[in-house]
Amino acid sequence: LVDRLADMVAKDLGMQVTYFWFPQRSKFFRRTLNAGRCDVVMGLPTGIPVASTTAPYYRSSYVFVSRRDRHLNLTSIDDPRLRHLRIGVHITGDEDSNLPPVNALMSRGIVRNLVGYKIYGNLSEKNPPSDLIEAVVHKDVDVAIAWGPMAGYFAENAAVPLDVVPVDVVSPDPNVPFTFAISMGVRNGDMKLQEQLNEEIRRRGAEIRRLLKSYDVPMLPAPAADRMGY
C-alpha cells in the first residue's frame with residue numbers, strides 16, 4: 001500500500017522513489033527524516049510534532065478482530081466480557097511506550113488476560129504484525145485489538161472469516177485516542193514539498209481512497225477540520 005502510494009506521488013512529481021528502511025522506534029525521525037536519509041515518511045498521525053504533516057488522506061481507528069464463528073460482536077472497550085476474554089494486543093517492546101489499546105485496558109484494570117505480541121518482531125520475520133491476527137485465527141486469543149489498516153489487510157487474507165469492527169469511534173478517554181487522521185510527513189520547515197504533497201492529496205483523493213479500500217483499510221468519516229484531503 002505505502003509503496004504504491006509513494007510511486008503514484010513520485011510519478012506525478014517527476015521524482016524517483018528510493019527507500020530507506022529503519023525500525024520505527026525511538027530516534028526514528030532523528031536518524032531518517034532529520035538526518036537527510038529520506039525526504040518523506042508515509043503514514044504519520046496528522047499534526048505529529050517531529051515532522052511537518054500534510055493534509056490527512058484518510059482517517060482510521062483501532063479495531064476489534066475476532067473469528068466470525070464466535071459471534072462476539074464487540075464494539076466497546078467497556079464491554080464487560082473483555083474482563084474474561086483472552087485479548088491479544090500489540091506491544092512495542094519499549095519501556096513506557098504502550099499503544100492506546102494497552103493503556104485503555106490497563107486503566108480499566110484489565111491486565112491479567114492480556115496477551116502481548118511484538119509489533120516489530122525481528123528482522124527474520126516477513127510480517128511480524130500479522131502474528132496477532134494469526135493468534136485470533138488459531139484461537140490462541142479470543143479477540144485482538146489492533147490498528148485498523150494493518151488488521152484489515154491481514155484479516156481479509158486470513159484462513160478463516162474474521163470480523164473487523166472499529167473500537168469506540170469516539171474514545172471514552174480523550175487522552176487515549178483510538179482514531180487518527182493519517183498524513184505524509186516531511187522535515188519541519190520544508191513547506192515547498194509539503195504543499196506539493198498537499199496538492200497531490202487534493203487532486204488524487206478519490207484514487208487514494210480506492211487504493212486504501214483495495215487493501216481493506218477501515219476508513220472513518222473525516223471531521224470537518226480534516227476534510228482538506230478528502
Side-chain angles (χ1 to χ4, degrees), residues 23-29 43-51 53 56 58-68 70-122 125 127-155 158 162-183 217-220 223:
Q24 201 162 348
R25 305 190 186 196
S26 61
K27 302 181 181 178
F28 171 80
F29 290 96
L44 294 180
T46 303
I48 190 171
V50 291
T53 55
Y58 76 99
R59 176 178 285 271
S60 193
S61 73
Y62 280 89
V63 295
F64 288 112
V65 182
S66 60
R67 288 178 61 112
R68 192 162 298 163
R70 292 289 307 276
H71 305 290
L72 292 179
N73 301 314
L74 291 163
T75 59
S76 172
I77 200 74
D78 290 310
D79 191 307
R81 291 175 294 171
L82 291 177
R83 298 190 174 277
H84 309 289
L85 295 172
R86 284 172 57 83
I87 307 168
V89 292
H90 272 136
I91 56 175
T92 65
D94 295 333
E95 188 175 354
D96 298 325
S97 184
N98 290 328
L99 297 173
V102 177
N103 284 326
L105 292 166
M106 290 178 65
S107 72
R108 290 159 172 75
I110 302 173
V111 177
R112 293 185 179 181
N113 52 327
L114 299 185
V115 183
Y117 292 82
K118 292 184 179 180
I119 193 168
Y120 299 124
N122 58 64
E125 293 181 89
N127 289 311
S130 68
D131 291 347
L132 175 56
I133 309 306
E134 286 300 307
V136 177
V137 171
H138 297 299
K139 301 182 181 180
D140 296 325
V141 296
D142 298 304
V143 61
I145 306 180
W147 174 233
M150 179 281 299
Y153 176 78
F154 290 120
L162 300 177
D163 287 328
V164 178
V165 181
V167 179
D168 296 325
V169 173
V170 178
S171 174
D173 182 350
N175 295 316
V176 186
F178 272 71
T179 69
F180 294 87
I182 300 299
S183 301
V217 173
M219 287 184 282
L220 301 177

Side-chain contact test, heavy atoms from C-beta onward, threshold under 4.5 Å: evaluate it for [X] versus [Y] and give yes or no.
X	Y	answer
Tyr62	Leu99	yes
Phe64	Asp79	no
Pro101	Trp147	no
Leu162	Arg68	no

Looking at every heavy atom in both [X] and [Y], which two are closest together, and how far apart are they?
X	Y	answer
Tyr58	Pro149	OH-CG, 3.5 Å
Leu132	Gly88	CD1-C, 3.4 Å
Pro100	Phe178	O-CZ, 4.0 Å
Pro56	Thr46	CB-OG1, 3.5 Å
Ser61	Leu220	CB-CD1, 3.7 Å
Pro218	Val63	CG-CG1, 4.3 Å

[atom1]/[X] to [atom2]/[Y] distance, rounded to the nearest 0.5 angstrom?
X	Y	atom1	atom2	value
Asp78	Arg83	CG	CZ	8.5 Å
Asn127	Met150	CG	CE	10.0 Å
Ile48	Phe180	CD1	CZ	9.5 Å
Ile87	Ile77	CD1	CD1	7.0 Å
Lys118	Asp131	NZ	CG	11.5 Å
His71	Asp163	NE2	CG	8.5 Å

Full working for side chain to side chain contact (heavy atoms under 4.5 Å, CB included) between Leu74 and Val165:
CA-CA 7 Å; Leu74 291 163; Val165 181; over 6 Å; no

Could you go through the side chain to side chain contact (heavy atoms under 4.5 Å, CB included) check for Val115 and Asp140 one step at a time?
CA-CA 9 Å; Val115 183; Asp140 296 325; over 6 Å; no

Check this for me: Tyr153, atom OH, are more than 12 non-hydrogen atoms of other residues, nucleotides or ligands nearer than 6.0 Å?
no

Is there a donor-acceptor pair under 3.5 Å between the side chain of [X] and the backbone N or O of [Y]?
X	Y	result
Ser66	Leu72	no
Arg86	Asn113	no
Asn103	Asn98	yes
Arg59	Met219	no

